[in-house]
Number of protein chains: 2
Amino acid sequence: MKEDNILNQLKVVCSLCSLRELCLPIGFGPQELEQLDALAGSKKLVKRGEYLYRTGSPFSAIYAIRGGFFKTSVLHEDGREHVTGFHMMGDIMGLDAIGSGAHVCDAVALETSEICEIPFDRLSELSMCMPVLQQNLHRIMSREIAFDHEIMLMLGKMRAEERLAAFLLNLSQRFSARGYSAASFQLRMTREEIGSYLGLKLETVSRTFSKFQDEGLIAVQKKFIELKDANALKRLLGSLA
Amino acid sequence: MKEDNILNQLKVVCSLCSLRELCLPIGFGPQELEQLDALAGSKKLVKRGEYLYRTGSPFSAIYAIRGGFFKTSVLHEDGREHVTGFHMMGDIMGLDAIGSGAHVCDAVALETSEICEIPFDRLSELSMCMPVLQQNLHRIMSREIAFDHEIMLMLGKMRAEERLAAFLLNLSQRFSARGYSAASFQLRMTREEIGSYLGLKLETVSRTFSKFQDEGLIAVQKKFIELKDANALKRLLGSLA
DNA sequence: CATGGATTATGACTTATATCAAATTGTTTC
DNA sequence: GAAACAATTTGATATAAGTCATAATCCATG
């Protein structure tokens, strides 16, 4: 029972590893495993459509996704909403709230999901005596910054086709890294949410999907996507003026 | 001399405080001040046009700007460049490189600038025994993530006029927070760089400046900007459909 | 399992911004 | 201080994506 508990905590810490790295308990000794108990991340189920947190709600924990799918979005005073990200198993959410002490975006489950709540003060405390944990936290935050810069490039410089190609390839790569097929997957978000993320209107997303299908790059059946020619998508990304 | 050295280190740590918080040595005792010596950030002068670091160069330190002005930009394989940020006194650069071990953007001085190099391994080490330092580092990274999400909203959802208004108001607020005038300032970047940052072409930036001037919102004389009606700019941001 | 609301696809048309071009002004540099 | 180059402004035109509208399809709930 105790063992099992420690193992659960380990999984939590594992999700604090980078996306691409394997989640092995390297660097943790028996006494450190003991300390991991302090993290005591409680598991929570968030049903489809429910909010994990909302803009303005007080920040106390970050969240590791054990399974399921989320979107995060910021909203402008005039009501406009912009989807800032889609998040899946192993991703950490809520890091953008550390600085202000309150959440600065909404997090909604796009399908019923299981998350692990990690109280941030305990994580901070523990990371003081666990260099590996601290390092992972820094890496995760740093990578989020770097990734956001990529998205800024996409939003600022790319055409609709390029954005959608980048989006599909990114999803494919992330599913693949989690052991799912890189070539076909189920979208969990609507065309409107994709559009919001990519800075496009839903009609443009729909039209571009159709165009890709006509050109034999992908097969679309509503939410089910099959990448028929991933290389062509990659070429589209690199070369298109 | 020794005293002076410690004071210098303090300033470095101070720049690790949040943008809006005052940089007082609260929370640091005498022995902690001693430890700050370990940070030994070496000062460097970067002349206008010079690179502080380039994409791909190995990551070993983060940089606190003591004075001057920088832009950071990511470049796409096909040569397209996107400016991801403008940075001034007190800002920290290079945090996006922690995760990958190599820099993921270029940092160029837009005017001759003085920076303080903070070796990241030493900072990590020191933050293990200085909770305040660790906290500040987390806050800075978190705020960068939150700010990037605001920019994503801007790039994804706003019209040219709103983008430029948001840009001018942000600059104004940051100059103001550093003790400079909020109402008038010198731009250190070209119209093209502003455009790259905002996802617009330089012609659109120029035209929008002219429009704002015609409407009495600002006065433009090449690089010198005067905000004549900041409230109108703010209104433009919130309401414009 | 039928009904109503949400989502998606597609067409016709509009518009904001990009593109191309030329003149003007500012800034290095020899 | 003049020549050469870089940056800015402004106009005319092109175009990618937005808007509006309609039909088809999906799917959630009583």
Side-chain angles (χ1 to χ4, degrees), chain A residues 47-50 71 80-83 108-112 154-168 186-215 218-225 236 240-241, chain B residues 47-50 71 78 80-83 108 110-112 154-168 186-215 218-225 236 240-241:
Chain A
K47 275 187 253 166
R48 182 181 146 83
E50 282 182 358
K71 72 166 178 185
R80 273 178 289 189
E81 187 199 36
H82 183 83
V83 173
V108 187
L110 295 182
E111 65 183 30
T112 298
M154 183 189 75
L155 291 172
K157 295 284 183 300
M158 291 185 182
R159 299 153 26 79
E161 288 181 31
E162 298 177 280
R163 294 186 202 191
L164 207 63
F167 170 74
L168 291 173
Q186 200 80 27
L187 297 176
R188 273 117 225 230
M189 68 294 280
T190 66
R191 302 287 190 265
E192 187 168 22
E193 286 162 337
I194 296 171
S196 177
Y197 180 62
L198 299 178
L200 302 169
K201 292 290 156 181
L202 69 98
E203 294 96 328
T204 306
V205 174
S206 180
R207 272 186 250 269
T208 309
F209 271 145
S210 300
K211 182 159 187 270
F212 282 175
Q213 179 156 248
D214 291 348
E215 289 166 343
I218 63 174
V220 193
Q221 293 154 244
K222 297 293 161 190
K223 297 236 149 111
F224 182 75
I225 302 285
L236 211 135
L240 212 94
Chain B
K47 275 188 254 166
R48 180 180 147 85
E50 281 182 0
K71 72 167 178 183
D78 60 3
R80 274 178 288 189
E81 187 197 37
H82 184 82
V83 173
V108 187
L110 295 183
E111 64 184 31
T112 298
M154 182 188 76
L155 291 172
K157 295 282 184 299
M158 291 185 182
R159 299 151 27 80
E161 289 181 30
E162 299 178 281
R163 294 185 202 191
L164 206 63
F167 171 73
L168 290 174
Q186 200 79 26
L187 296 176
R188 276 116 223 231
M189 69 293 280
T190 66
R191 303 288 190 263
E192 186 166 23
E193 287 162 336
I194 296 172
S196 178
Y197 180 62
L198 299 177
L200 302 169
K201 290 292 157 182
L202 69 100
E203 294 95 328
T204 306
V205 173
S206 179
R207 272 186 250 270
T208 309
F209 271 144
S210 300
K211 183 159 188 270
F212 282 174
Q213 179 157 248
D214 291 347
E215 290 166 342
I218 64 174
V220 192
Q221 293 155 245
K222 296 293 160 192
K223 297 237 152 108
F224 182 75
I225 301 285
L236 211 136
L240 213 93

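Labels below follow one simple rule: chain letters A, B, ... track the order of the sequence lines, proteins then strands, and each chain is numbered from 1.
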CG-OG distance between Leu200(A) and Ser206(A), expressed to the nearest 0.5 angstrom | 12.0 Å

Round to the nearest Å and state the distance from Arg191(A) atom CZ to dT25(D) atom C1'.
-> 12 Å

Among residues 192-201 of chain A, which residues get a heavy atom nearer than 4.0 Å to DNA chain D?
-> Gly199(A), Leu200(A), Lys201(A)

Could you grab the distance from atom CZ of Arg80(A) to atom NZ of Lys157(B), nearest 0.5 Å is fine?
-> 9.0 Å

Within the sub-3.5 Å range, which N or O atoms of nucleotides 26-30 of chain C have a protein N or O partner, and how far apart are they?
{"unit_1": "dT28(C)", "atom_1": "OP1", "unit_2": "Arg48(B)", "atom_2": "NH2", "d": "3.3"}

Shortest non-hydrogen pair, Ala160(B) vs Thr204(B), comes out as CB-CG2, 3.9 Å

Give the rounded distance in Å between these two atoms: NZ of Lys157(B) and P of dA16(C).
-> 18 Å

Measure all distances between protein nitrogen or oxygen atoms and nitrogen or oxygen atoms of nucleotides 20-24 of chain D, and list the pairs falling under 3.5 Å.
{"unit_1": "dC20(D)", "atom_1": "N4", "unit_2": "Glu203(A)", "atom_2": "OE2", "d": "3.3"}

Which heavy atom of Val220(A) sits nearest a heavy atom of Phe209(A), and at what distance?
-> CG2-O, 4.0 Å

Heavy atoms of Ala165(B) and Leu236(B) approach each other most closely as CB-CD2, 4.3 Å

CG on Leu168(B) to CD1 on Ile194(B), rounded to 0.5 Å = 7.5 Å

Rounded interatomic separation in angstrom, taking CZ from Phe209(B) and C1' from dT10(D) | 16 Å

Who are the side-chain contact (heavy atoms from CB on, under 4.5 Å) partners of Lys222(A), not counting sequence neighbours?
-> none

Looking only at heavy atoms, which two atoms of Ser196(A) and Glu81(A) are closest? And how far apart?
-> OG-O, 3.3 Å

Pairs touching residues 191-208 of chain A that satisfy salt bridge (Lys or Arg N to Asp or Glu O under 4.0 Å), sequence neighbours left out = Lys71(A)-Glu193(A)

Send over the distance from Met158(A) CE to dA17(D) P, rounded to a whole Å.
-> 13 Å

How long is the line joining CG of Leu187(B) and C1' of dT8(D), in whole Å?
-> 13 Å

Met154(A) CE to Arg163(A) CZ distance, which is reported to the nearest 0.5 Å = 6.5 Å

Terminal axes of the helix from dC1(C)-dG30(D) to dC30(C)-dG1(D) (5 end pairs apiece), angle rounded to 10 degrees, sit apart by 60°

Side chain of Lys47(A), backbone of Ala109(A): donor and acceptor closer than 3.5 Å?
-> no

Between dT15(C) atom P and Glu161(B) atom CD, what is the distance in whole Å?
-> 16 Å

Assert: residue with more 5' nearest nucleotide on DNA chain C, out of Val205(A) and Thr204(B), is Val205(A)

Quick one: closest heavy-atom pair of Phe212(B) and Glu161(B), and the distance?
-> CZ-O, 3.4 Å

Calculate, to the nearest 0.5 Å, the distance between atoms CG and CD1 belonging to Leu164(A) and Ile218(A) respectively.
-> 7.0 Å

Between atom CG in Leu164(A) and atom P in dA16(D), what is the gap in whole Å?
-> 17 Å

Positive for salt bridge (Lys or Arg N to Asp or Glu O under 4.0 Å) with Glu111(A), one of Arg48(A), Lys223(A), Arg188(A) = Arg188(A)

Rounded to the nearest Å, what distance is computed from the NZ atom of residue Lys211(A) to the C1' atom of nucleotide dG11(C)?
-> 17 Å

If you look at every strand shown and take non-hydrogen atoms under 4.0 Å, does Ser210(A) touch a base, only sugar-phosphate, or nothing?
-> sugar-phosphate

